[in-house]
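Just below is one structure, and these are the notes that go with it.
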Amino acid sequence: MKRSNVLFPVFIVIIGWFIGGFGFTTKLGHPISTICFYLGLGLIFLGFISFILRVKNK
């Protein structure tokens, strides 16, 4: 299994976690906080799904 094959989904999860945390903790207002929060959650789920698929398909 290539190392870079698994690192990309891990980086997606980390970036999603930071964006979601930024949207959850800031008081910038409704549109920006909501967009950041949902984008972060979407990246986290996308990262988990792509991690599972890449590990499964070695």
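All values below come from the heavy atoms of this structure, side chains included, with hydrogens, waters and symmetry mates left out.
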One should read off an interatomic distance between Ile19 CD1 and Tyr38 OH, to the nearest 0.5 angstrom, of 15.5 Å
Distance col, row Ile15:CD1 vs Leu39:CG, nearest 0.5 angstrom, shows 10.5 Å
All heavy atoms of Leu43 vs all of Ile12, minimum pair found to be O-CG2, 3.2 Å
| request: Answer yes if Ile35 and Phe22 sit in the same cluster of Ile, Leu, Val, Met, Phe, Trp and Tyr residues linked by side chain heavy atoms under 4.5 Å apart, and no otherwise. | output: no
For Val6 and Phe51, the nearest pair of non-hydrogen atoms, with its separation, is CG1-CE1, 3.0 Å
Open item on the list: Looking at Gly47, is its backbone amide N or carbonyl O close enough to the side chain of Ser50 to form a donor-acceptor pair, meaning the two atoms are under 3.5 Å apart?
Closed with: yes
query = Would a hydrophobic clustering, with Ile, Leu, Val, Met, Phe, Trp and Tyr connected at side-chain separations under 4.5 Å, put Ile52 with Ile49?
reply = no
